[in-house]
Structure formats: C-alpha cells, structure tokens
Amino acid sequence: MRVDVVEVRVVRVPLVRPFATSQGTTREREAIVARVVGEAEGWGESETRDGAIDMATLDASLRLDGVSLAAHLGGVRAAIDSTATVGFEDDVGEFVDLGYRSIKFKVAPGRPVPSIPSGITAQVDANGSYAACPGRVAELDELGLVAIEQPLAPDDLAGHAELKARLRTPICLDESVTSAGALDARACSAVCVKPWRVGGLVGARAVHDRCVELHLDAKVGGMLETGIGRSAALALASLPGFTLPADLSASDRYFAEDLTEPLVLDGDGRLAVPAGPGLGVEVRRDVVDRYTISVEREDVR
Ligand code: MG
C-alpha cells in the first residue's frame, strides 16, 4: 500500500473525572496518535511513535482491502464483556447503574476492601502495591473475585507463585507480562495483555496464543486509550483465548468527548467489536484537532 504522508500528534484529552489508583491520580490522557494518508487513510494510537504509525498503516491497509481488524487478527466474537475500572475516588454504584456487569476495583493495602455489588463479576488490581506486605493479600481472598491482579512487584514471580499456591482466588499478572516468553504458569492463573507493553497487536496476539498453550485465562488490558486505541483493543479482545472480561469500557467512562464516535455499552454490559474495515470506527478530526498539543508531518512519497 502506498503511503504519502505520515502525521504524528501528541494529544491531551481531559478525563471526565480524576482517576485515582495506588500509582497516583490521572486527570488527562496524553497519547500519541498517528494518521497515514496514501491509497487509504489510517489511524493509530500508542504509547510510542512507532507503535502509533504501525497501527495507522495497518488500519489504512485493512480499510483498502475492506477487512476488519478483528477478522485480520482471527477474532471470533461480535461483542465482548466490558469492565469499568473503579478508582479510589469512584462510586461503584454509578457504574452498576450505567449497565456494567463486570467491575475492576483498584486496591492497595490500608485502603478499605471493596464491597462487591450483587450480580457483578469483580476483579481487583493492586498494581504491585502489596509488594512490602504479601501476607496481606489474603484480605482479598474471601471476596469471590474472578482475579487478583498484580499484587506484588513485576519481577517477583516467586512471590506470585507462593500466592497462587496459597490463595483460592486466581492470580492475574499484568505489569510482569512484557512478552510471550515472559509468561510463567507457576506464578499466575491469568494474564492481562496490554498491547503497548508487549510490542503492539502482533506481540499481543503472540501472548494470547501462549496463554492458550499454557491453559492460562487471559484478558485485554486498557490504559485509558481513546476510541482509536480502544477500537483496536476491542478487535484484539474478540480472539477466542481472551476468556475474562476485557478491561475496556465505554467512551464516557473516561471522556466527555472521545476522538472517535463514542463506543457505547449494549443492554447486557457489552461492547460491540467494530465490524467495519480496519479499526471500524469513524475518527472525529475536529476533536482530534482540538486536543492536539503537537503535530509533526512528514511527506514520505
Ligand atoms: Mg493492571
């Protein structure tokens, strides 16, 4: 596919409400967004410049061929169970009222243990905050959770293996998972796959495939992506080995105004996997322009 122009922007999009976790409070999402223009136009979002350009090039090429990203990756689902992640300052009832059936609570030692609303599939994410007090992870074991995510430090696989042997609740690793080769089935029962941490969509599919081989549950993780990155993550989440609800929520969980047409929950707390060519969503140029803080344009013809 011929590419004439590559445009790379940094965007800063305000969050609809501050998001507080053991790692601090986030008030805006800063992301790298790429657009390629040639035989077709394509968009990408990533934590890195190259990652954003790769996704935009793939989007353009799939749009040209009329193939959805989900089909290209081998996806099998038309919709996925959506999860709202509840930060320290959030009211879980609000998300239940919005229709979420899967909730992930951010937790840390010393903070109140979450109370789980009835009928909700619940997970917790400690982001490694129990590293200094692994014994205290047991306080989360009686909550009936689908998973306890990353209780200990990323490099503490032995510690996670001990917890896996001792606790009833499945241990899910997130920050520890940097590649398919880094998976260790002794240390976890489930894996959170963040494309941007494992080398993009191709790396994420490799981690997915390895999880299937090792009989590990898996889910797609989110990092406050805008609609561009989130559409790609939804396509990824439609692969058959992603057996847990994805850490992906509707656009209005984080943004008053998304960079794409809004992604919305259906009546069962699910998000549709975009079925159109490429990312399968319409990017809103006016909104992208409004939140762009820098832009670099290269003619590559
Ligand atoms: Mg996590």
Side-chain angles (χ1 to χ4, degrees), residues 15 18-26 29 31 46-47 80-90 92 95 100 102-109 111 113-114 116 120-132 134 136-137 139-141 143 145-157 159-160 163-164 167 169-180 182-184 187-200 203-204 207-208 211 216-225 229-230 232-234 236-237 241-249 253-254:
L15 300 187
F19 182 54
T21 74
S22 62
Q23 297 165 311
T25 299
T26 308
R29 160 71 177 170
S46 180
E47 305 279 305
I80 57 108
D81 293 324
S82 172
T83 301
T85 299
V86 173
F88 293 160
E89 311 295 332
D90 294 317
V92 63
F95 298 105
Y100 288 97
S102 168
I103 303 278
K104 183 168 98 171
F105 296 85
K106 292 290 188 179
V107 293
R111 296 202 68 94
V113 168
I116 316 293
I120 292 296
T121 300
Q123 309 169 46
V124 296
D125 186 2
N127 295 108
S129 59
Y130 284 77
R136 290 193 63 178
V137 181
E139 71 190 18
L140 304 167
D141 199 27
L143 301 177
L145 303 166
V146 170
I148 298 171
E149 186 172 317
Q150 198 71 46
L152 310 180
D155 60 356
D156 189 4
L157 294 182
H160 284 105
L163 288 179
K164 178 181 173 176
L167 303 183
T169 312
I171 299 295
C172 177
L173 291 182
D174 177 8
E175 284 87 344
S176 298
V177 180
T178 51
S179 69
L183 291 184
D184 184 340
C188 63
S189 307
V191 169
C192 176
V193 183
K194 289 192 171 135
W196 329 124
R197 185 181 290 135
V198 296
V207 176
H208 163 275
C211 286
L216 295 172
D217 281 312
K219 64 174 176 172
V220 173
M223 292 173 109
L224 309 182
E225 291 87 356
R230 199 169 301 213
L234 282 170
L236 181 68
F242 287 117
T243 47
L244 297 176
D247 284 352
L248 302 170
S249 48
R253 162 68 186 92
Y254 294 116

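For the numbers below, each heavy atom of this structure counts, side chains included, while hydrogens, waters and symmetry mates do not. Throughout, residue positions are numbered sequentially from 1 according to the sequence presented. If you're wondering where the values come from, they're calculated on a predicted model, not measured in any experiment. Just follow the structure's listing: the first ligand is 1, and inside any ligand the first atom is 1.
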Protein-side N, O or S atoms sitting under 2.8 Å from the Mg ion (ligand 1) are D125 OD2, E149 OE2, D174 OD2
Hey, does the side chain of [X] reach the backbone of [Y] with a donor-acceptor pair shorter than 3.5 angstrom?
X: Q150; Y: A126; answer: no
X: R197; Y: D174; answer: yes
X: T169; Y: A147; answer: no

Worksheet entry | Note: E89-K106 ion pair, threshold 4.0 Å (strictly below) | no
May I ask you to decide whether K219 forms a salt bridge with D81, counting only side-chain N to carboxylate O separations under 4.0 Å?
no
Sorted by chain and residue number, the side-chain hydrogen bond (donor to acceptor under 3.5 Å, both in side chains) partners of R29 (sequence neighbours excluded) come out as E45, E47
